[in-house]
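Structure, as structure tokens:
Each chain gets a letter, A, B and so on, in the order its sequence line appears, and its residues count up from 1.
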2 protein chains.
Amino acid sequence: MATGRTHRPATRSRGIPEATVARLPLYLRALTGLSERSVPTVSSEELAAAAGVNSAKLRKDFSYLGSYGTRGVGYDVEYLVYQISRELGLTQDWPVVIVGIGNLGAALANYGGFASRGFRVAALIDADPAMAGKQVAGIAVQHSDGLEKIISDNGVSIGVITTPPSVAQQVCDRLVAAGVTSILNFAPTVLTVPDGVDVRKVDLSIELQILAFHEQRKAGEEAAAGDGVVPTAVTRDDTTDQGPDGDVPAVMPA
Amino acid sequence: MATGRTHRPATRSRGIPEATVARLPLYLRALTGLSERSVPTVSSEELAAAAGVNSAKLRKDFSYLGSYGTRGVGYDVEYLVYQISRELGLTQDWPVVIVGIGNLGAALANYGGFASRGFRVAALIDADPAMAGKQVAGIAVQHSDGLEKIISDNGVSIGVITTPPSVAQQVCDRLVAAGVTSILNFAPTVLTVPDGVDVRKVDLSIELQILAFHEQRKAGEEAAAGDGVVPTAVTRDDTTDQGPDGDVPAVMPA
DNA sequence: TCATGTGAACCCGTTCACAGCT
DNA sequence: AGCTGTGAACGGGTTCACATGA
């Protein structure tokens with residue numbers, strides 16, 4: 001496979017740190033809430049609280065986008081919603097295909113948060129002939145035979161894999177060959193993709209295991225410390241949320 | 001907040017970095033696969049490839065657990081499976097409750113990867129009276145009125161929230177009050193919890209937005225790079241050339 | 001005066017390269 | 001010889017603290 005050089009051009013201007021990118025959706029959601037309540041401006045402190053991060057981090061994040069705030073005042077909510085949306089590419093339409101319409105696939109198809117932002121479910125695809133034609137979330141499921149045509153006809157560049165792990169890699173290969181360059185993988189498998197293709201994974205089992213690790217440690221410390229709520233290490237402080245895998249966007253090379 | 005002193009007491013023994021913990025499940029999965037194929041030993045190189053990380057990182061990760069390998073040979077698969085399982089706390093049983101049995105909740109209840117490791121679905125809980133009694137994944141759904149009793153009767157310390165975002169915080173509060181100290185949140189909301197409670201979130205919408213960001217950037221670079229006789233693998237779709245605001249000059253507000 | 005924007009210090013995680021053991 | 005285990009260099013991200021400017 002011609003491993004074309006991705007040519008990372010050290011774009012200092014558009015060089016937004018990955019960690020910042022991962023938080024932009026969080027800010028956007030908080031801002032959308034404020035917007036719906038017609039709040040005109042927010043301070044970094046308020047917005048940070050709503051998004052569950054600290055204000056210094058938020059200001060630093062925004063500084064990568066530009067100087068969108070007003071000193072002594074704060075940020076204009078509507079303006080910021082627009083800027084972040086544009087930065088994330090949500091001002092355009094992203095047709096998405098979901099492959100593997102089992103319980104999870106159906107759940108995602110029905111998920112409202114999809115369409116609310118620029119994403120549109122262009123097609124639901126399943127390998128089971130019995131599924132073909134069935135309506136899920138108001139969309140007819142199509143057989144996987146036509147996967148390639150569906151991708152190209154709809155200009156799909158983002159694919160969601162919700163198949164059993166045994167076929168995830170094959171599905172991934174076909175998606176990539178058909179032109180998909182971003183994949184969201186729910187199957188518990190390590191996907192191998194060519195350079196230039198982004199893969200992000202969501203793995204329930206891994207999340208639970210991480211929780212179990214901390215849970216076990218709590219129990220151990222509890223016993224050792226006798227009683228009393230001793231938070232200690234484990235969680236940072238406020239808002240202990242953490243993305244899937246810390247950060248690492250899982251941009252896997254071939 | 002209350003954590004006045006971080007006091008990292010040189011806990012060399014149990015001081016496993018968070019990033020390492022997040023990868024242990026990955027190693028465990030790869031090892032389980034090898035175990036099933038009766039492979040006796042693996043080198044860091046092989047195992048790393050199977051887990052999708054590089055070997056230096058893997059060795060460093062394992063070094064935090066102890067010296068479980070044999071120089072010149074590699075790691076004993078079975079032994080490592082046991083050690084990692086133990087470290088993650090998977091040698092014990094973790095009863096889990098799922099709150100919110102919609103599409104997603106049902107999907108998770110049916111998810112096999114659950115029981116395969118130490119996790120057991122102790123109860124399915126929903127606020128809809130019409131759901132009560134219905135069987136999902138062979139388990140009868142219970143009404144949320146009994147949430148507290150269910151938690152304590154089963155000694156549940158891990159809860160999964162798959163409710164609509166509007167009620168996620170309330171559900172979270174009740175879970176925590178009832179004794180749950182680890183929460184896996186699928187609702188697109190920032191949960192606020194007391195110190196000592198772990199929250200991990202899984203957010204489809206955020207993942208897609210991150211992918212969209214990179215996707216947009218790919219399209220932008222493609223256009224900027226002129227034609228590019230060296231297409232990065234598959235980036236040959238001409239569909240994404242609508243970059244109207246590829247890089248709009250920052251328009252300052254007032 | 002107030003909150004943003006940012007250099008600098010700091011911390012964590014990754015990578016390198018080789019010492020150490022089998 | 002071969003592969004693990006790890007000190008040290010490196011780099012990205014977070015936090016601090018204050019200069020900057022409305």
Side-chain angles (χ1 to χ4, degrees), chain A residues 8 10-12 15-24 26-27 40-49 51-77 79-80 83 233-243 245-253, chain B residues 1 3 6-8 10-12 15-24 26-27 40-49 51-77 79-80 83 250 252-254:
Chain A
R8 199 108 302 280
T11 332
R12 182 65 71 250
I16 301 177
E18 194 52 40
T20 295
V21 172
R23 281 188 295 268
L24 292 182
L26 229 46
Y27 301 143
T41 61
V42 270
S43 66
S44 62
E45 204 69 54
E46 297 166 326
L47 184 54
V53 303
N54 75 48
S55 61
K57 196 185 290 186
L58 178 144
R59 287 200 302 278
K60 180 67 97 178
D61 282 341
F62 285 180
S63 78
Y64 293 117
L65 307 183
S67 293
Y68 294 154
T70 305
R71 294 174 197 241
V73 179
Y75 300 91
D76 181 278
V77 173
Y79 186 65
L80 208 44
Q83 289 298 343
V234 182
T235 54
R236 191 52 46 207
D237 53 301
D238 48 32
T239 58
T240 57
D241 54 0
Q242 176 84 330
D245 45 3
D247 41 359
V248 189
V251 183
M252 329 178 76
Chain B
M1 349 188 125
T3 54
T6 311
H7 186 255
R8 197 102 300 282
T11 325
R12 182 67 72 256
I16 302 178
E18 192 54 39
T20 296
V21 172
R23 280 188 295 268
L24 291 183
L26 228 46
Y27 301 143
T41 60
V42 269
S43 66
S44 62
E45 202 70 53
E46 296 166 326
L47 184 53
V53 303
N54 74 48
S55 62
K57 195 184 291 185
L58 178 144
R59 287 200 302 277
K60 179 67 99 178
D61 283 341
F62 285 0
S63 78
Y64 292 118
L65 306 183
S67 293
Y68 294 153
T70 305
R71 294 171 197 242
V73 179
Y75 300 91
D76 180 277
V77 172
Y79 185 64
L80 207 45
Q83 288 299 342
M252 292 298 288

Quiz item: Whole-Å distance between C:dT4 C1' and A:Tyr27 OH?
Solution: 14 Å

Quiz item: Can you tell me if the side-chain N/O atoms of A:Tyr75 get under 4.0 Å from OP1 or OP2 in C:dG5?
Solution: yes

Quiz item: Is there side-chain contact between B:Leu65 and B:Leu24, with heavy atoms separated by less than 4.5 Å?
Solution: yes

Self-check item: Rounded interatomic separation in angstrom, taking CZ from A:Arg23 and C1' from D:dG12
Solution: 12 Å

Quiz item: Tell me: CZ of A:Phe62 to P of C:dA3, nearest whole Å?
Solution: 16 Å

Quiz item: Which pair of heavy atoms, one from B:Tyr75 and one from B:Gly69, lies closest together, and at what distance?
Solution: CD2-CA, 3.4 Å

Quiz item: Is the side chain of B:Ser43 donor-acceptor paired with the backbone N or O of B:Glu46 at a distance under 3.5 Å, no angle test?
Solution: yes

Exercise. Grab the CD1-P distance between A:Ile16 and D:dT14 for me, whole Å please.
Key: 14 Å

Quiz prompt | Within-4.5 Å side-chain heavy-atom neighbours: A:Leu47 and A:Phe62 | solution = yes

Exercise. Mind checking side-chain hydrogen bond (donor to acceptor under 3.5 Å, both in side chains) for B:Gln83 and listing every partner two or more places apart, or none if nothing turns up?
Key: B:Tyr68, B:Tyr79, B:Arg86

Self-check item: B:Thr41: side-chain hydrogen bond (donor to acceptor under 3.5 Å, both in side chains) partners, not counting sequence neighbours
Solution: none

Quiz item: Roughly how many Å is it from NZ in B:Lys57 to C1' in C:dC16, rounded to a whole number?
Solution: 14 Å

Quiz item: Which of the following nucleotides, D:dG13, D:dT4, C:dG13, is nearest to the side chain of A:Ala19?
Solution: D:dG13

Exercise. Respond yes when some side-chain nitrogen or oxygen of B:Lys60 is under 4.0 Å from OP1 or OP2 of C:dG13, and no when none is.
Key: no

Quiz prompt | Whole angstrom value for the distance that separates C1' of D:dT6 from CG of B:Leu65 | solution = 14 Å

Quiz prompt | side-chain contact (heavy atoms from CB on, under 4.5 Å) between B:Asp76 and B:Thr70, worked out | solution = CA-CA 8 Å; B:Asp76 180 277; B:Thr70 305; over 6 Å; no

Exercise. Measure the distance from CD on A:Glu18 to C1' on C:dG13 and round it to the nearest whole Å.
Key: 16 Å

Quiz item: Which whole-number value in Å describes the distance from A:Leu58 CG to D:dG13 P?
Solution: 16 Å

Quiz item: At under 4.0 Å, does any side-chain N or O of B:Asn54 touch on OP1 or OP2 of C:dT15?
Solution: yes

Nucleotide N/O to protein N/O under 3.5 Å, stretch nucleotides 17-22 of chain D:
| from | atom 1 | to | atom 2 | distance (Å) |
| --- | --- | --- | --- | --- |
| D:dT20 | O2 | A:Arg71 | NH1 | 2.3 |

